[in-house]
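One structure is given here, and the rest of the page talks about it.
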Amino acid sequence: MPTFDLSTQTLRDLNSALHSIDAGKNDLAFEVVNPRGSHAVAVGIDQPVSVDVKGSVGYYCAGMNDGGTVTVHGSAGPGVAENMMSGTVVVEGDASQYAGATGRGGLLVIKGNAASRCGISMKGIDIVVHGNIGHMSAFMAQSGHLVVLGDAGDALGDSLYEAKLFVRGTVKSLGADCIEKELRPEHIAKLAELLDKAGVTDVKPEEFKRYGSARKLYNFNIDNADAY
Amino acid sequence: MCGIVGLFLKDRSLEGRLGELLSEMLVTMTDRGPDSAGIAIYGSGDAGKVKLTVQSATPETDFVGLEGALEAELGSKVSVSVRDTHAVVTVDAGLADAARAAIAAVRPNLRMMSVGETIEIYKETGLPKDVVARFGVSAMTGSHGIGHTRMATESAVTTLGAHPFSTGSDQCLVHNGSLSNHNNLRRELIKAGMGFATQNDSEVAAAYLTAEMNKGANLGEALDHAIGDLDGFFTFVVGTKSGFGVLRDPIACKPAVMAETDQYVAFGSEYRALVNLPGIENARVWEPEPATVYFWDHEQAA
């Protein structure tokens with residue numbers, strides 16, 4: 001198992017190694033120790049590697065991940081798994097603002113709380129947060145699923161497109177054009193699948209409420225000007 | 001972008017290491033603000049004395065004979081301790097205003113950094129590592145301190161534009177962000193009798209809090225009022241003689257991480273700034289909530 005110690009090796013050493021995996025290589029489990037809040041740890045992965053980061057990271061950890069499995073055994077700074085394409089990113093602690101922003105695919109699991117703007121402009125990523133999420137989460141979210149076992153802050157799903165939001169706790173307020181919707185069997189099935197993938201065993205899909213777009217603000221209509 | 005660090009000690013056995021810990025935190029935040037750096041240290045004060053920290057562009061001439069000139073002007077014992085471009089002038093507590101006037105009379109080019117029983121502020125343009133080295137911050141001791149690395153957005157890169165700003169006795173503020181209603185607020189505060197040394201938006205925030213506290217609010221209440229009256233982006237860390245406060249605006253774009261143990265409360269713009277603190281592995285680490293006042297006070301805790 002290749003191990004990188006960021007107290008003695010550079011971030012570039014780690015990320016270049018992750019970017020130059022030879023075909024047929026099977027030693028794909030990386031370990032990173034002493035991240036000490038470093039930025040851009042394990043960004044741009046495009047191979048099915050696994051990376052265990054032993055500690056807390058700074059900005060943009062696992063950004064643009066395409067097929068890797070990155071686990072942060074600590075907390076993550078702003079922009080964790082930003083623009084993920086595919087793969088899995090797990091944060092054992094808390095995540096700062098805009099976790100999973102603009103993500104196009106893959107699964108982001110945050111076992112603690114996520115701060116503001118979680119899943120902002122998400123475009124296909126699935127995000128499961130065991131704790132709470134902050135304000136302006138799923139702002140302009142286009143597709144994918146955001147599952148929150150705890151509470152959501154102000155202005156959830158403001159200017160939402162077709163992402164599906166599921167919150168088990170309370171929602172402080174809904175953003176413009178975001179409304180509560182019926183939890184139908186297909187949503188329960190999807191929730192069950194996502195909870196299972198995220199390792200959540202003690203929570204039932206029926207405990208969630210679903211939120212989605214009222215679809216009034218997709219295109220500018222003068223009659224809806226007050227809703228912006 | 002700017003970097004903020006702050007450390008409020010609960011365990012007095014760490015007081016000897018305050019400057020060392022803060023310096024290390026500050027230098028880590030260099031890439032958030034390489035323009036200038038500054039630090040406010042709440043150190044020991046002598047009973048019945050007040051300290052005025054002054055800065056000079058020409059310390060080699062300004063500080064020569066300053067002690068004698070001030071004693072002649074004030075008719076009272078004065079001590080002057082020089083650190084590079086700054087000097088701490090210590091006088092009897094009742095003479096703070098007179099000393100301010102005396103300094104303006106005998107050395108009109110000196111700039112006032114801070115006035116108070118325990119506060120000293122050191123700030124200059126340049127890389128944080130150079131700024132802390134020239135003032136010997138690592139060797140400083142005290143109960144709490146706040147540091148700032150600046151990437152200027154709203155006003156010039158000058159010593160006076162660097163943070164912390166002090167607009168009241170033993171008070172200071174550092175700011176990451178930009179205020180949009182600072183001009184209007186400055187006009188109102190000038191009418192209310194506050195003085196300003198710069199056109200900087202952060203100085204307005206400092207003066208606002210000072211004005212609120214002059215009206216009788218404590219630090220926590222003053223910060224609470226700021227949520228309604230200040231418009232713009234901000235993460236503030238503020239200090240008073242015994243207190244330490246944190247406030248983020250309701251949008252909370254500007255980063256903030258806090259850590260608390262039995263020994264201290266620490267603030268960093270990024271977690272990186274906190275990684276060398278003793279016991280950080282077991283600290284409670286969290287991101288302060290938007291529009292929520294956090295403050296700690298030695299006197300209230302005691």
Side-chain angles (χ1 to χ4, degrees), chain A residues 5-7 11 32-41 53-61 72-80 91-99 101 110 112-118 120 129 131-137 139 150-155 158 172-173 175, chain B residues 1-5 21 24-34 149 151 176-177 227-228 233-235 246-261 266-292 294:
Chain A
D5 182 344
L6 292 186
S7 66
L11 180 69
V32 179
V33 297
N34 292 315
R36 297 162 63 82
S38 299
H39 303 326
V41 171
V53 184
K54 299 296 176 74
S56 293
V57 292
Y59 282 78
Y60 307 125
C61 180
V72 178
H73 299 270
S75 291
V80 65
V91 179
E92 298 284 348
D94 298 328
S96 184
Q97 43 177 334
Y98 48 94
I110 296 159
N113 300 314
S116 60
R117 292 172 275 275
C118 180
I120 184 170
V129 181
N132 307 322
I133 58 172
H135 64 277
M136 292 300 280
S137 288
F139 176 63
D151 303 331
D154 272 319
D158 194 288
K172 199 167 175 196
S173 67
Chain B
M1 192 151 83
C2 291
I4 297 178
V5 298
L21 294 168
E24 206 165 358
M25 293 165 78
L26 193 72
V27 172
T28 307
M29 290 294 95
T30 297
D31 44 10
R32 297 194 67 87
T149 62
M151 190 177 283
N176 178 15
I227 297 171
F233 293 115
F234 53 85
T235 290
V246 172
L247 178 66
R248 304 175 80 194
D249 69 82
I251 305 292
C253 284
K254 298 298 178 184
V257 182
M258 299 205 66
E260 184 166 14
T261 71
F267 179 98
S269 289
E270 300 175 19
Y271 178 72
R272 281 189 303 157
L274 310 178
V275 295
N276 287 329
L277 290 173
I280 188 69
E281 311 76 29
N282 301 313
R284 180 172 83 93
V285 176
W286 79 101
E287 183 168 314
E289 295 282 330
T292 302
Y294 295 82

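Since this is a predicted model, take the numbers as computed values, not measurements. So you know, we letter chains A, B, ... as the sequences are listed, proteins then strands, and number each from 1.
Side-chain contact between A/Arg117 and B/Cys253 is present, with heavy atoms from C-beta onward closer than 4.5 Å. Residues B/Pro255 and A/Tyr59 meet the side-chain proximity criterion, which asks for heavy atoms closer than 4.5 Å.
When all heavy atoms of B/Ala252 and A/Ser116 are compared, the pair lying nearest together is O-OG, 4.4 Å. For the residue pair A/Gly37 and B/Tyr271, the shortest heavy atom distance occurs at CA-CD2, 3.8 Å. Closest non-hydrogen pair, B/Val285 versus A/Asp94, comes out as O-OD2, 4.3 Å. Here the closest non-hydrogen pair linking A/Gln97 and B/Arg248 is NE2-NH2, 4.4 Å.
Neither the backbone nor the side chain of A/Ser75 comes within contact range of chain B; no heavy atom of the residue lies under 4.5 Å from a heavy atom of that chain. Proximity to chain A is limited to the side chain of B/Pro290, based on heavy atoms less than 4.5 angstrom apart. Heavy-atom distances place both the backbone and the side chain of B/Ile251 under 4.5 Å from chain A.
Atom NE2 of A/His39 sits about 3.5 Å away from atom CZ of B/Arg272, to the nearest 0.5 Å. Atoms CH2 and OG, from B/Trp286 and A/Ser96 in turn, are 14.0 Å apart once rounded to the nearest 0.5 Å.
The only member of B/Thr28, B/Val275, B/Leu274 that meets side chain to side chain contact (heavy atoms under 4.5 Å, CB included) when paired with A/Arg36 is B/Val275.
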